[in-house]
Protein chains: 2
Amino acid sequence: MARTRSNAKPGLRTADRVYEEIRREILSGRLQPGERITEELMAERFGASRTPIRSAMVRLESDGFVETTPRSGTTVKQRSPRDIADIYDVRALLESAAAGLAAQTRSAADLRELVRVQTEMEECFARHPSSGGGEIEDLSRLNKAFHHRILEASGNTTLADSAVRLMDIGFLINTYASFSQEEIARSLDEHRKLIVAIETRDVHWAEAMMRAHILGARNSLRP
Amino acid sequence: MARTRSNAKPGLRTADRVYEEIRREILSGRLQPGERITEELMAERFGASRTPIRSAMVRLESDGFVETTPRSGTTVKQRSPRDIADIYDVRALLESAAAGLAAQTRSAADLRELVRVQTEMEECFARHPSSGGGEIEDLSRLNKAFHHRILEASGNTTLADSAVRLMDIGFLINTYASFSQEEIARSLDEHRKLIVAIETRDVHWAEAMMRAHILGARNSLRP
DNA sequence: GGAAACGCGATTGTATCCAATGTGTCGATA
DNA sequence: TATCGACACATTGGATACAATCGCGTTTCC
């Protein structure tokens with residue numbers, strides 16, 4: 001079998017490329033929960049040997065995206081509605097604390113960046129309110145960037161890392177895709193208020209706003 | 001020491017054994033932060049090939065114990081005092097929430113187990129108050145079990161997993177080893193009060209007690 | 001004498017081969 | 001016919017061989 005060796009990015013490890021790609025496929029739903037992943041098949045798909053695939057699998061399992069039972073196989077991890085709800089609860093806990101810290105210590109650049117992302121989100125939503133095609137993914141990406149920036153602004157990298165981890169897992173169910181138009185509009189409105197709270201350094205408001213934002217999203221999920 | 005393929009547990013993967021062992025060595029301080037880990041050397045030590053070592057390394061990196069720079073090498077991760085303090089802050093956040101939930105939903109078995117672990121800790125401390133030898137490790141292990149049980153009793157596995165992750169990392173600095181005798185006694189006393197709070201289902205007290213317990217430990221750290 | 005280029009050794013990244021083990025199928029037997 | 005067991009196959013786990021790359025010392029050129 002001729003290994004096509006698609007020499008993608010120089011200096012980047014094949015294992016990393018595989019990890020990113022499979023992760024993306026899981027997050028986008030192209031790989032469904034419970035679906036089986038065999039190393040041989042993936043190796044063929046990526047034109048590589050099983051070695052980098054295995055490396056990627058170990059990371060994916062450690063990051064909670066797949067489940068491996070020894071000598072049996074690897075499957076995309078299933079999550080019960082209860083698990084999803086739990087994830088949102090913990091996110092609410094972590095990110096509300098981060099929002100409070102961000103309100104205290106945010107820099108001017110943090111604020112500018114938040115406004116920029118928010119503006120882009122609103123433009124995206126205004127252009128395609130019907131939300132038919134791939135704009136949902138843009139919206140999800142921007143939303144992630146928004147939350148990411150607040151976490152960074154908190155100044156606590158452990159807090160940020162823990163929350164990002166949960167955000168990634170939570171997006172398995174592709175939040176915005178299950179949101180109605182009204183729910184997206186409400187989410188954007190909450191972002192705006194969050195920005196004001198952080199801008200005016202209103203710690204308690206920022207905390208409460210973030211908590212409400214995330215718990216609200218949790219209750220809007222339709223499995 | 002010749003590690004001669006002692007495969008103690010049948011059915012357990014070598015990679016898992018290596019992961020556990022290296023992790024333990026990092027946590028116990030036998031592998032110092034910044035120290036280099038070469039696959040070849042580890043393979044020799046474990047009487048295995050590089051393959052399971054690599055697998056373990058990927059997991060260790062994903063779990064935040066080591067750092068790998070491509071084609072350069074793997075080193076035990078360095079953490080600044082600020083990072084350590086941050087970890088404790090997040091633990092306080094997560095575990096206080098868990099304590100509150102545990103106070104609400106704990107079973108009789110949960111409570112019994114907490115009392116059992118606590119009793120064992122106190123006996124251990126009473127036997128060796130001078131804390132010279134390996135009793136510190138017993139104490140650390142029991143302490144971990146105590147916190148672990150409360151996290152489980154919370155009923156939120158995501159919450160528990162996130163906190164356990166941080167606990168493991170935090171023990172890089174081997175909490176109890178830096179505690180004075182008085183500080184250990186105080187810690188045990190806080191555990192007792194925590195048990196009472198959970199027993200009587202006093203949610204707010206349990207939360208506050210846990211927060212105080214962890215933040216107190218943070219402030220007792222001497223780097 | 002200093003700086004850049006070259007080459008060597010050390011170490012990681014990938015491929016492939018072999019071993020171990022779980023799974024499913026097919027058949028024998030009560 | 002249902003159940004148990006053995007055997008073949010599929011798939012992962014580990015070992016080994018090879019390739020790529022980085023660090024660093026040496027050498028050479030200006």
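Below, chain A is the first sequence line, B the second, and so on; all start at residue 1.
Between the side chain of B/R13 and the main chain of A/P70, no donor-acceptor pair closer than 3.5 Å is present.
The distance between atom CZ of B/R59 and atom C1' of D/dG13, rounded to the nearest whole Å, is 14 Å. Here the C1' atom of nucleotide D/dA19 and the CZ atom of A/R13 are 16 Å apart, to the nearest Å. B/M57 places its CE atom 8 Å from the P atom of C/dT12, with the value rounded to the nearest Å. Atom pair A/E44:CD and C/dT16:P shows a separation of 13 Å (rounding to whole Å applied). Taking atom OH of residue B/Y19 and atom P of nucleotide D/dG13, one finds them 16 Å apart after rounding to whole Å. We find that CZ of B/R54 is positioned 8 Å from P of C/dT12, with the value rounded to whole Å. The distance from atom CZ of A/R17 to atom P of C/dG13 is 15 Å, rounded to the nearest whole Å. A/D16 has its CG atom 11 Å from the C1' atom of C/dG13, to the nearest Å.
When the side-chain nitrogen and oxygen atoms of B/T51 are compared with OP1 and OP2 of D/dG14, none of them lie within a distance under 4.0 Å. Contact annotation: B/S49 does not reach the phosphate of D/dG14 (side-chain N/O to OP1 or OP2, under 4.0 Å). A/R50 has no side-chain polar atom (N or O) that falls below the 4.0 Å cut-off from OP1 or OP2 of D/dT12.
Taking CD of A/Q118 as the reference point, atom CZ of A/F146 lies at 5.5 Å (rounded to 0.5 Å). The CZ atom of A/R165 lies 6.0 Å from the OG atom of B/S62; values are rounded to the nearest 0.5 Å.
The existence of a salt bridge linking B/E25 and B/R45 is confirmed by a sub-4.0 Å separation between a basic side-chain nitrogen and an acidic carboxylate oxygen. Comment: B/E120 engages B/R116 in a salt bridge, judged by a side-chain N to carboxylate O separation of less than 4.0 angstrom.
Here the options are A/L111, A/V117, A/I150, the test is side-chain contact (heavy atoms from CB on, under 4.5 Å), and the partner is A/I195; only A/L111 passes.
If you find the closest nucleotide of DNA chain C to A/P52 and to B/T69, the one lying nearer the 5' end belongs to B/T69.
Between B/H213 and B/H147, the ring planes are parallel. Angles under 30° get that label, and only those over 60° would be called perpendicular.
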What does the list of N/O pairs under 3.5 Å between the protein and nucleotides 6-11 of chain D look like, with a distance for each?
none

